[in-house]
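Reckoned from all heavy atoms, side chains included, excluding hydrogens, waters and symmetry mates.
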Amino acid sequence: MRLPIEIRQIIYTTSLIDNLNGKIRKYTKNKLSFPTDDAVMKSVYLTLREASKKWTMPIRNWGMILNQFLTIFGNRIML
């Protein structure tokens, strides 16, 4: 809790695995059953494809966050 809020938001909101599992559950829970294993795989593939579009988005206020990292962990960060 001693880190600035901007750094905490990045650390706590980038739990990629939990986020991805939630998206997969969201798309598959509406179906009570799938006719084949291939249908499940196709649904998961399409979910991953949609989720991966957001992975290339830049982090908001990255310049300010990088400066905070350099101030706090300056001896550990190499640019």
Side-chain angles (χ1 to χ4, degrees):
M1 293 300 286
R2 290 188 276 170
L3 295 173
I5 191 159
E6 292 85 7
I7 294 176
R8 282 187 282 153
Q9 285 176 341
I10 289 176
I11 292 171
Y12 297 131
T13 59
T14 56
S15 178
L16 184 61
I17 294 172
D18 290 338
N19 187 1
L20 191 57
N21 284 335
K23 288 183 187 300
I24 292 171
R25 258 187 260 111
K26 177 183 171 185
Y27 285 107
T28 57
K29 80 174 185 178
N30 293 334
K31 291 262 193 184
L32 297 177
S33 65
F34 289 94
T36 64
D37 289 345
D38 287 338
V40 175
M41 294 298 286
K42 186 175 185 178
S43 179
V44 170
Y45 169 76
L46 292 173
T47 303
L48 291 174
R49 201 169 112 193
E50 282 298 311
S52 68
K53 289 179 183 176
K54 294 184 178 182
W55 295 345
T56 59
M57 293 176 61
I59 296 173
R60 196 176 318 157
N61 299 328
W62 177 246
M64 180 178 63
I65 294 168
L66 180 59
N67 284 333
Q68 290 175 354
F69 273 126
L70 289 171
T71 303
I72 297 169
F73 304 108
N75 58 344
R76 296 191 220 172
I77 298 176
M78 289 186 256
L79 296 175

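- How far OG1 of Thr36 is from NZ of Lys42: 9.5 Å, rounded to the nearest 0.5 Å.
- With values rounded to the nearest 0.5 angstrom, Lys23 atom NZ is found 11.5 Å from Asn21 atom CG.
- A distance of 5.0 Å separates CG of Leu48 from CD1 of Ile24, quoted to the nearest 0.5 Å.
- Under the salt bridge (charged side-chain N to carboxylate O under 4.0 Å, His left out) criterion, Lys29 pairs with no residue at all, not counting sequence neighbours.
- For the atom pair Ile72 CD1 and Asn67 CG, the distance stands at 11.0 Å (nearest 0.5 Å).
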Review point. So Val44 and Tyr27, side-chain contact (heavy atoms from CB on, under 4.5 Å) or not? Walk me through it.
Key: CA-CA 8 Å; Val44 170; Tyr27 285 107; over 6 Å; no
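- The backbone N or O of Val40 lies less than 3.5 Å from no partner atom in the side chain of Ser43, so there is not a single donor-acceptor pair.
- Applying the 6.0 Å contact sphere to CE of Met41 captures no more than 12 heavy atoms from other residues, nucleotides or ligands.
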Practice item. Might you work through the side-chain contact (heavy atoms from CB on, under 4.5 Å) test for Leu46 and Glu50, ending with a clear yes or no? Key: CA-CA 6 Å; Leu46 292 173; Glu50 282 298 311; 5.9 Å; no
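- In the hydrophobic clustering of ILVMFWY residues, with side-chain heavy atoms under 4.5 Å counting as a link, Ile5 and Leu3 come out apart.
- Here CZ of Phe69 is found 11.5 Å from CE of Met64. Values are rounded to the nearest 0.5 Å.
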